[in-house]
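Worth knowing before you read on, the calculation uses all heavy atoms, side chains too, and leaves out hydrogens, waters and symmetry mates.
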Number of protein chains: 2
Amino acid sequence: MTKIRNMEEFAALSGISRPTVSKYFQDPDSVRPTTRLRIEEALERFDYRPNIYAVNQNRKLTKNIGIVVPYLADPFFAEIARYLEQSCIAAGYRPSLFSSHGDPKLENEILDGLKSMKPAGVLLAPLGRTSDRTAIEKFCANVPTVLFDSNLEGLGAAFIGSDNFSFVSQTVEYMTRTGEPPSFFEMRTPANPNANKRRKAYIEVMERLGFDPHIIKVDGKGWAFEEIGHRGALKVLSDRELRTDSVLCSNDRLAIGFLAACYEQGIRVGRKDDSTLRLASNDDHPFAKFTCPSLTTAAHDYDNVAGRSVETLFELIENGGKFDTRTETLFPARLVLRDSA
Amino acid sequence: MTKIRNMEEFAALSGISRPTVSKYFQDPDSVRPTTRLRIEEALERFDYRPNIYAVNQNRKLTKNIGIVVPYLADPFFAEIARYLEQSCIAAGYRPSLFSSHGDPKLENEILDGLKSMKPAGVLLAPLGRTSDRTAIEKFCANVPTVLFDSNLEGLGAAFIGSDNFSFVSQTVEYMTRTGEPPSFFEMRTPANPNANKRRKAYIEVMERLGFDPHIIKVDGKGWAFEEIGHRGALKVLSDRELRTDSVLCSNDRLAIGFLAACYEQGIRVGRKDDSTLRLASNDDHPFAKFTCPSLTTAAHDYDNVAGRSVETLFELIENGGKFDTRTETLFPARLVLRDSA
DNA sequence: TCATATTTTTAACGCGCGTAAAGTTTTTAT
DNA sequence: ATAAAAACTTTACGCGCGTTAAAAATATGA
């Protein structure tokens, strides 16, 4: 079988002119069914694929989509990325996945590289507080970008995320209703803006319910949340900082560390009578089902956040890369009752 | 500031001819220091970057490197990928990360897409048993490929991974020396070939030590190992299949499920006197430190596996994409003693 | 059937850059 | 200072495909 070098040769072999073949590859439905058939027959016999570099050089808009997450070693983002990737592929795009690995400098470099890829659009979950706002703003001005998970006010054409108030209000109300009002356990300077919204929601809900908010801030920076939660919990437990038997963690990864600390200290966690502590959290991390005890947590609406993000990006692309107004879409949480609270 | 459209314009503005500028971008050291300086000055003033598509179209070999892992939602692979990515960037390459998400069909599609990217090289951690051997073989014939983590006999220019025998022998010997010989807990039809090597190693070490190997195979397929381990452990515990108080899991993710099951059943795991079960495992999963109890496990030599993988790939690229002989490099495990055994 | 609308063909240019050849300038070494 | 070597400039072609305009072929509809 002869090796095909370019579209010219393939067109000759399939008996169709090159411009028509070119049209076919951009949209198979844009050619007459009979010619489409002839091309696809030839395609089966000769296995030819257009040179993506030549294609992308000449298109003003590529079929590439950039997906950027802040920390891929967090299975939460790995799962979201998985969903986003497959949605893009299903829609005929070529997704490229990047992780900022918690590093703002790397985030900038990724956006830089992305810009030179002339992507049709970008799905960006920014680092948050540590992000270089100016750089991201400049990027969004050049590339159709939809933000997700972590909102940077005013940046990107749209934001899709979770309604942090819904997360916290459900867990706080549940814990209060079935026991004591929880303290709120979080990092002192959280990287993720969702953390700030959760703290505010906690305060608001507690006050509405007539309780005194009690926030415990633990030291530590970076994205090693389990480690931070673990260290922080050991300190909290030894210093007896808790006012009630209930704790609400800002996120599951902190909670995983907290639970490990409790286990080491012989403190039984759960809603059963023999337990001395109840612990709930937010996110429904993929491993939350397998912590000891399994973690009661408010689950992201993964499917809707991811689904709506790609939908929005596709709309944005079809709309020429601009929306009249920037929309923010928030999906509520679903309370997942397990054994820890 | 004027917007630069192409290298021609940039060359004019910098006062250097285009061919020389082109040379500079391929290797800044290939031009005279004085001209290099002039180009770099212009670069600061005008912020121009060569069109990557035009560049890659004309180069026979791009600077792209493909990184393919079987399952990115597994933090083990996320960590490895992170390391590989950064090594590639440091060496001046452009890594692209892909996850097969446990799906052989997707693995094939990724390799297909990768082929049309004309990458300088590919770092591939295949799915293993479920991989389409023929497809991978064909791919490796066209693209310089280094396999890592999961070996497919004879495929790729080289393999770098962990010495499974070293993993299992250390854990078995340790458990035997400090307690009773362990049963081996694994999936019935493991996707990963390392699992088979670990089983064999277990049998060999047990026999050498004069014990009867006892292998427990649990049902379940796919990559939801925690779930499989959890279900399997519940069955093992209720059926009282264990012959000793010791269990060695084929990998940490199974162990995480196992520990969750033990916790639910009120079975204390650990090496302390009040414990009824000892559990060890393999991999040193990023969360192994935070399980309850923390997991005794044999750690991959992450740094060396990842480091040697990229080194080997770079050698391969410099060597024109072919090695005379296919080498297999295995790094031994490091036993990490924690609380579970 | 014929006029009209749709699709395809032919021919040709452009995209941005790699690269080669020949001529010119600058550097290095004697 | 001078010859040789090295680096640079000029000119020009090629890569593979997008895209356009005009001409030709095919499909549609009354």
Enquirer: Does C/dT8 have OP1 or OP2 sitting under 4.0 Å from an N or O in the side chain of A/Ser17?
Expert: no
Enquirer: Using modelled atom types only, decide if a donor and an acceptor are shared between the side chain of A/Gln57 and the backbone of B/Gln57 within a distance under 3.5 Å.
Expert: no
Enquirer: Which nucleotide in the list D/dT9, C/dC17, D/dG16 gets nearest to the side chain of B/Ile16?
Expert: D/dT9
Enquirer: Whether A/Thr20 contacts C/dT9 is assessed here as follows: a side-chain N or O lying under 4.0 Å from the phosphate OP1 or OP2. Is that the case?
Expert: yes
Enquirer: For A/Met7 and D/dC15, what is the distance between atoms CE and C1' respectively, to the nearest whole Å?
Expert: 14 Å
Enquirer: Test B/Tyr302 against every option in B/Phe148, B/Phe331, B/Tyr83, B/Phe76 by the ring-ring contact (aromatic ring centres under 6.0 Å, His included) rule and name the one that passes.
Expert: B/Phe76
Enquirer: Checking the side chain of B/Asn194 only, and the main-chain atoms of B/Asp149 only, is there a donor and an acceptor separated by less than 3.5 Å?
Expert: yes
Enquirer: Whole-Å distance between D/dG18 P and B/Tyr53 OH?
Expert: 14 Å
Enquirer: Take a 6.0 Å sphere around CZ of A/Arg36 and say whether it holds more than 12 heavy atoms from other residues, nucleotides or ligands.
Expert: yes
Enquirer: Considering just the side-chain nitrogens and oxygens of B/Tyr48, establish if one lies under 4.0 Å of OP1 or OP2 belonging to C/dC17.
Expert: yes
Enquirer: I need the CZ-P distance between A/Phe25 and D/dT19, as an integer number of Å.
Expert: 15 Å
Enquirer: Of B/Leu84, B/Leu72, B/Val68, which meets side-chain contact (heavy atoms from CB on, under 4.5 Å) against B/Leu97?
Expert: B/Leu72
Enquirer: Closest-nucleotide mapping onto DNA chain D: is A/Arg59 or B/Pro19 further toward the 5' terminus? I mean the 5' end.
Expert: B/Pro19
Enquirer: Grab the CZ-C1' distance between A/Arg32 and C/dT7 for me, whole Å please.
Expert: 4 Å
Enquirer: To the nearest angstrom, how far is A/Lys23 atom NZ from C/dT9 atom P?
Expert: 11 Å
Enquirer: Rounded to whole Å, how long is the line connecting atom CG of B/Asn58 with atom P of C/dC15?
Expert: 15 Å
Enquirer: Between B/Arg5 and B/Thr34, which residue's closest nucleotide on DNA chain C lies nearer the 5′ terminus?
Expert: B/Arg5
Enquirer: Below the 4.0 Å mark, does C/dT19 have OP1 or OP2 next to a side-chain nitrogen or oxygen of B/Gln26?
Expert: yes
Enquirer: Return the value, rounded to whole Å, for the distance between atom CG of A/Asn56 and atom P of D/dG18.
Expert: 9 Å
Enquirer: Let's test your reading of the model: under 3.5 Å, does the base of C/dG18 pair with the side chain of B/Arg18 as donor and acceptor?
Expert: yes
Enquirer: Tell me: CD of B/Gln57 to C1' of C/dG14, nearest whole Å?
Expert: 12 Å
Enquirer: Looking only at the side chain of B/Lys60 (C-beta and beyond, no hydrogens), which of the listed nucleotides C/dT8, D/dG18, C/dT19 gets closest?
Expert: C/dT19
